[in-house]
2 protein chains.
Amino acid sequence: MAEMDETDHSLLRMLREDGRRTFSEMAAEVGLSVAAVKRRVDRMRESGVITGFTAQVDHAKLGWGIEAFVELRYAGTTPVREIVASAYTVQEVQAVFTIAGDPDALVQVRVRDLDHLQQVIDGLRRSGQITGTKTLMVLGSWSRA
Amino acid sequence: MAEMDETDHSLLRMLREDGRRTFSEMAAEVGLSVAAVKRRVDRMRESGVITGFTAQVDHAKLGWGIEAFVELRYAGTTPVREIVASAYTVQEVQAVFTIAGDPDALVQVRVRDLDHLQQVIDGLRRSGQITGTKTLMVLGSWSRA
DNA sequence: ACTGAAATCGCTGAATT
DNA sequence: AATTCAGCGATTTCAGT
């Protein structure tokens with residue numbers, strides 16, 4: 001677990017709110033020099049606390065308006081790495097969570113329309129030793145990020 | 001739905017891979033001038049395709065090592081906005097997805113340990129007209145981000 | 001819509017305390 | 001571990017095409 005003081009937490013919060021905020025802006029806000037802020041952010045990257053930076057995208061604006069979670073149940077003999085690997089081969093899969101208990105995995109997918117969702121679910125069913133699925137269609141989502 | 005050409009998609013892909021990539025780098029890669037690239041990225045922000053930029057964080061390195069999804073079922077009379085609002089009052093909630101059918105909502109939480117998880121689930125149960133919960137503990141996760 | 005140039009502003013590393 | 005400073009590179013705006 002990384003050593004982080006209050007200033008580091010402030011910088012991290014600022015970068016989560018706006019990943020392109022400049023070192024100068026942040027330096028003014030925390031009351032340090034630009035070089036000191038850069039050093040701290042570099043350190044958070046090196047220690048692995050910050051794993052990267054990314055643009056946040058409104059997928060609906062790109063015509064991928066449908067989001068769903070698919071609960072997957074696998075045959076008892078399926079190893080975890082195979083569960084993940086098989087789900088991941090489906091391009092529309094955004095994230096895979098392996099789960100303790102039932103279901104075995106929760107897969108987040110993003111698709112253009114319901115036909116497309118049907119195809120993706122079929123793809124998931126074909127991609128491993130799957131014994132059952134349950135699809136949770138997302139009506140709305142709110143994220144703290 | 002926003003009008004995006006192939007160049008826009010390339011720029012968007014680059015910014016999803018590294019949200020702090022410079023305009024100069026991207027300009028070299030797509031074969032346009034820096035000013036043209038800036039104009040396109042500005043346009044994607046204005047049109048809402050890009051909603052922001054953020055730092056990606058390894059929460060386990062900060063001591064928040066446990067992730068879970070909690071399926072929530074509400075009393076039939078509960079309006080959606082109240083479902084979201086009540087779940088959101090719990091600080092450890094990372095995201096709320098309202099769902100068509102059963103369950104009514106899927107809530108992603110991040111906590112320090114199992115005691116903490118217990119408290120968060122109790123908090124969720126208290127925060128609205130909840131008739132049932134089911135917790136899915138995440139063992140591992142892989143994201144395309 | 002893109003280019004190129006000019007001015008501004010921010011980043012980076014080295015020397016210093 | 002923070003500061004200051006100097007050199008360099010990136011951003012931003014604008015006139016021209």
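This one's a predicted model, so the numbers in the text were calculated from it and none came from an experiment. In what follows, chains carry the letters A, B, and so on, assigned in the order in which the sequence lines appear, proteins first and then strands, with residues in each chain numbered from 1.
- Figure legend: cation-pi geometry between B:Arg110 and B:Trp64 absent, as NZ or CZ is not positioned both under 6.0 Å from the six-membered ring centre and within 45° of its axis.
- Between A:Arg40 and A:Asp8 a salt bridge is recorded (basic side-chain N to carboxylate O distance below 4.0 Å).
- Between D:dA1 and A:Arg40, no contact under 4.0 Å exists linking OP1 or OP2 to a side-chain N or O.
- Using a 4.0 Å cutoff on non-hydrogen atoms, no part of residues 44-56 of chain B comes near DNA chain D.
- Around CZ of A:Arg13, the count of heavy atoms belonging to other residues, nucleotides or ligands within 6.0 Å exceeds 12.
- Checked against side chain to side chain donor-acceptor pair (under 3.5 Å), A:Asp115 has no partners two or more places apart in sequence or in another chain.
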Going through the distances and angles, do A:Lys38 and A:Asp42 end up as a salt bridge (Lys or Arg N to Asp or Glu O under 4.0 Å)? CA-CA 6 Å; A:Lys38 178 190 186 315; A:Asp42 285 348; 2.5 Å; yes

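- A side-chain contact (heavy atoms from CB on, under 4.5 Å) with B:Val138 is found for exactly one of A:Ile99, A:Leu106, A:Thr98, namely A:Ile99.
- Side-chain atoms of B:Arg125 never come within 3.5 Å of backbone atoms of B:Thr131 as a donor-acceptor pair (strictly under, hydrogens ignored).
- Listed by residue number, B:Leu32, B:Ser33 are the residues of residues 26-33 of chain B with a heavy-atom contact under 4.0 Å to DNA chain C.
- Direction of the helix axis in the helix from C:dA1-D:dT17 to C:dT17-D:dA1 shifts by 30° between the two five-pair termini, rounded to 10°.
- The side-chain heavy atoms of A:Ser86 and A:Tyr74, taken from C-beta on, include a pair separated by under 4.5 Å.
- Within the 3.5 Å criterion, the main-chain N or O of B:Gly19 finds no donor-acceptor partner in the side chain of A:Thr54.
- By the 6.0 Å contact criterion, CD on B:Glu17 is enclosed, its count of non-hydrogen atoms from other residues, nucleotides or ligands being greater than 12.
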With sugar-phosphate taken as primed atoms, P, OP1 and OP2 and all else as base, the protein-contact string of nucleotides 6-11 of chain D at under 4.0 Å (heavy atoms; B, S, -) is ----SS

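- Seen from the ring of B:Tyr88, A:Arg144 counts as a face-on cation partner, given the 6.0 Å and 45° thresholds.
- For B:Lys61, the side chain to side chain donor-acceptor pair (under 3.5 Å) criterion is met by no residue, not counting sequence neighbours.
- Within the cation-pi definition used here (under 6.0 Å to the ring centroid, within 45° of the axis), B:Arg45 does not qualify as a partner of B:Phe53.
- Between A:Ala35 and A:Arg39, the residue anchored closer to the 5' end of DNA chain D is A:Arg39, taking for each the nucleotide with the nearest heavy atom.
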